[in-house]
Structure formats: structure tokens, C-alpha cells
Protein chains: 2
Amino acid sequence: MAALAAYGTDGYAATSLDALAEHLGIRKQTILYWFPSKRALFEAVIDDAASSLIEAFDAATSSDLVGMDQVEAIIRRVLRLAVQRPELLGLVREVSRPGSLSAERLADRVAPVFARAADFLAREMDAGRFRRSDPSMLLLSLYSTVVGVAGEFEVQRAIGLESTLRVAVERQRELVRFLRAALVPSG
Amino acid sequence: MAALAAYGTDGYAATSLDALAEHLGIRKQTILYWFPSKRALFEAVIDDAASSLIEAFDAATSSDLVGMDQVEAIIRRVLRLAVQRPELLGLVREVSRPGSLSAERLADRVAPVFARAADFLAREMDAGRFRRSDPSMLLLSLYSTVVGVAGEFEVQRAIGLESTLRVAVERQRELVRFLRAALVPSG
DNA sequence: GAGCCTCTCTACCACTTGGTAGACAGATTT
DNA sequence: AAATCTGTCTACCAAGTGGTAGAGAGGCTC
């Protein structure tokens, strides 16, 4: 069922039920037996993706780490997810497009994660480990940077970065250094 | 003609020639008289968008600014562009999706801008104004952060940020602070 | 074995898709 | 005035779209 996340690579509109069914070795009507409409299928895929994302985030935050250690754990998790399941980040990209079909659906399910992340940032600021600023806006910057570095493959090509494993490792280290500089007070 | 950038808001696959023609008050066949195919039209739109992007970047870098002043000028330009012409960043988003139709086309046209940006970063590092690191990877981080903060409206909603003008101003200031901390050496 | 339930199938439908062929009106050239 | 060129139109097409109706196969309980 999760294989249906072909939506994540090609997008909703560009993926027909016929193509999906052929890829699965069944008839389109079998899909429509399980899901009343294409839209419903898409929403089910979104729910499934949301679960995977929440699960990954929980796994990266289960060790009660603080400061940059916690941030680093999340970075590693996201970058690994981007390699292992690129359709996941692709679906996020598709659905978080302004004016998307089911943006709210994913947003609602993922909102608690964002809330926890913002709380974490606020706590770290209180503890003096992170530079003080608006937690929500800082979270937006962090999200953009991490997800962008994880998923902007075409931009990386345009910049001239190869897509070898060695570069990927370097990229992760550079991202950590970048965010450490941005987050940790200079003093 | 530039109004055709409806592709930027809805995406290529989701925008039919009929819909486009109706929106323009003409017949679809008139479009196909000027452009041999839908694909060709899309590529023309991409070229047009690339010109606008390059123009905006040139305007933001024409004053021979250095250090964070230059970065700040670009940030302001990008955020303003995101408000005034959201279809432009939308098109970039659409086309920079992994496995996109004409990713190379936009990438080729924009590559010089990236090259100039990377050179700028290297020069600033040599001058000691920016923390030393790999210019290309730093550029990727910067691009992701700025474009993300500029265009991730759905994520902002999920985080709980309102979309008022006041918040937009705050967001810009916070982004500048974020990148200053990330770029300028702590000493 | 009859009836029922679950599931996948074939057959079909109305509609939309990108694209072609060619008529026709207006302007420009000869 | 005839001929040509330019640009938009109507008419049409084959292919593909999401979705419906219903047949039929296999397993289940009575």
C-alpha cells in the first residue's frame, strides 16, 4: 500500500490511476474498490506519510538530548530519510505547495511535532544554550534549511555539487556547522 | 504573455491549455499557433521566469555591497519578489522538483548567478568577513533558508505564524539575524 | 448444494487532454 | 483587383482521464 507514494515523486496530477495500477500489477478498478476516489487515495497516502514522518521525528527525539546534540540527531534522521525514502520528502514538497489540495490534512497531523519543536527551542533559549529569538520564526528558518539541504537535488546540481556519498557526508557536516553557528551564542 | 505563469501556481500537469486559454479570453488553438506544443510554451515560460530572476538578482547586487549588507539586500529582494510575484517562486519550486521536466533548462540559465554567488562567498571568507567553509555547500544552505522562508506559506501556517504584513516584516528581520549569526565569525 | 460475502475482473461511459486541418477575415503586397 | 500573408477561429480527433455497473471466481456459513 505504501508503494502508492508514487505521488511523492511525480505529483498528484501527473499520476493517473491507470499508471498506478499498472505499476502495482492490478486493474484500476481494484484501486477504486478500496478507495472511493483518487482524492481519497491521495489523502490515505498523506496520512501514511504523516505517520512515517512523526515516527521518524519521535525516533530522533527519544533520547532526551539537549542543545546541538538534539539538533544534530534530527538532521541526521532527516538526511537519512531523504536518501532512503525520497518519496516522503517529495510528498511533503508536493503537499506544502501554496494552494495545495490537502495541505491542511498533512499540516493538522504534523502540527504537534512543530509545537514540540518550538517548545524545545524555547527551553533551550531559557537555558542559555541557544541564541534568544522568536521560537516560531527560528523554527521556520531551521525547517527551511534542513529540508532544503535534504531535498533540493536539482539546486545542488545547478550549484555544481556532485551527488556522491562522500559529498553527502560533507554536506551533513557542513549543515551541522552552519546551524551550530546560527544557533549557539557566540560568547 | 507573462501572465501565462499560471504554471507557477498550479503546476504544469494541473494546468490545461483550455483553462489557460479561457483565462486569457482566447481559444486554445491560438496558443498552439504561437507555441508548437504545451511543452514549448512551458519552456518559454521558464525562460521568461529565468530572466526575471536574473534581473532581480542583478538589481540586488549592483551596488557593490560587501558582507552582510549584500546578503541583506538579496534577502529583501527575494522576500519582496515572493510577495509581488509569487508565481515566480512557485515556478522555481515546480521546476526544481527532483525529476522535473525542464529542471536543466532553468538550471542552465541560472547557473551563472549561482557561480557569482559562490565567488562572492569565497571572497568574503578571504576577507575574513564570513566564517570559512565550503562556498558551494554554504550557498546551498543559504539558498534553502532564504527560499524556504520566502515561499513555505503552508509550513508557516502549520507552525502557527500569521500571514500579516507585520509578521512578514518580523520574519525578514529574524531571517537576517539568523543568517548573520550563521555567517559572521563570532570573534 | 444454496446462499452469501469478499474481491478482482471486463465492459463501458462522459469528459477532458494535447494536437491537427482547414475555413475565413483583415491587412499588405504586387 | 488579384494574390499572399497573418492571425484567430470552428470542427474534429485519438488517446487518456476518473468513475460506474455488473459479471464471475473463490471462500464462508447454513
Side-chain angles (χ1 to χ4, degrees), chain A residues 1-50 87-88 90-106 154, chain B residues 1-51 87-88 90-106:
Chain A
M1 190 74 71
L4 300 185
Y7 285 136
T9 62
D10 292 341
Y12 175 77
T15 307
S16 74
L17 289 178
D18 274 309
L20 220 55
E22 188 184 12
H23 183 263
L24 266 69
I26 57 176
R27 303 294 149 234
K28 164 180 63 173
Q29 287 72 9
T30 303
I31 297 179
L32 286 170
Y33 172 79
W34 293 96
F35 302 93
S37 70
K38 186 187 182 185
R39 180 71 188 276
L41 166 64
F42 186 53
E43 297 190 340
V45 168
I46 289 179
D47 289 345
D48 192 59
E87 349 79 52
L88 262 186
L91 194 75
V92 170
R93 187 196 190 92
E94 158 94 6
V95 107
S96 66
R97 188 188 57 199
S100 159
L101 274 171
S102 308
E104 277 186 72
R105 195 179 184 89
L106 183 59
E154 293 296 339
Chain B
M1 193 70 73
L4 300 185
Y7 284 138
T9 61
D10 292 341
Y12 175 77
T15 306
S16 74
L17 289 179
D18 275 309
L20 220 56
E22 188 184 10
H23 183 262
L24 265 70
I26 58 176
R27 302 292 149 240
K28 164 181 62 173
Q29 286 73 8
T30 304
I31 297 179
L32 287 169
Y33 171 78
W34 292 97
F35 302 93
S37 69
K38 185 187 182 185
R39 180 72 187 275
L41 166 64
F42 186 53
E43 297 189 340
V45 169
I46 288 179
D47 289 345
D48 192 59
S51 300
E87 349 79 53
L88 262 185
L91 194 74
V92 170
R93 187 196 189 91
E94 158 94 7
V95 108
S96 67
R97 188 188 55 199
S100 158
L101 274 170
S102 307
E104 277 186 72
R105 195 177 185 90
L106 184 59

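The chains referred to below are lettered A, B, ... by the order of the sequence lines, with proteins before strands, and numbering in each begins at 1. Basis for what follows: all heavy atoms, side chains included, without hydrogens, waters or symmetry-related copies.
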4.5 Å side-chain heavy-atom contact, A:L17 and A:L41: yes
Which atom of A:L88 lies closest to which atom of A:A49, heavy atoms considered: CD2-CB, 3.5 Å
A:Q29 side chain, from C-beta outward: closest of C:dG19, C:dT10, D:dG7: C:dT10
Separation of D:dT17 P from A:Y12 OH (nearest whole Å): 13 Å
Spacing of A:L20 atom CG relative to D:dG18 atom C1', expressed in whole Å: 13 Å
Nearest-angstrom distance from the residue atom CG of B:L17 to P of C:dC15: 21 Å
A:K38 NZ to C:dT16 C1', straight-line distance once rounded to whole Å: 13 Å
OP1 or OP2 of D:dG16 under 4.0 Å from side-chain N/O of A:S16: no
Nearest heavy-atom neighbours spanning B:K28 and B:A21: N-CB, 3.4 Å
Atom-pair distance (CD1 on A:I26; C1' on C:dT10), nearest Å: 15 Å
Separation of D:dT17 C1' from B:D18 CG (nearest whole Å): 14 Å
Below 4.0 Å: OP1/OP2 of C:dT8 and any side-chain N or O of A:Y33: no
For atom CZ of B:R27 and atom C1' of C:dG18, their distance in whole Å: 17 Å
N/O (side chain, B:T30) to phosphate O (OP1/OP2, D:dG7) under 4.0 Å: no
Side chain proximity check, B:F35 to B:E43, heavy atoms < 4.5 angstrom: no
Length of the CD-P vector between B:E22 and C:dT17, whole Å: 10 Å
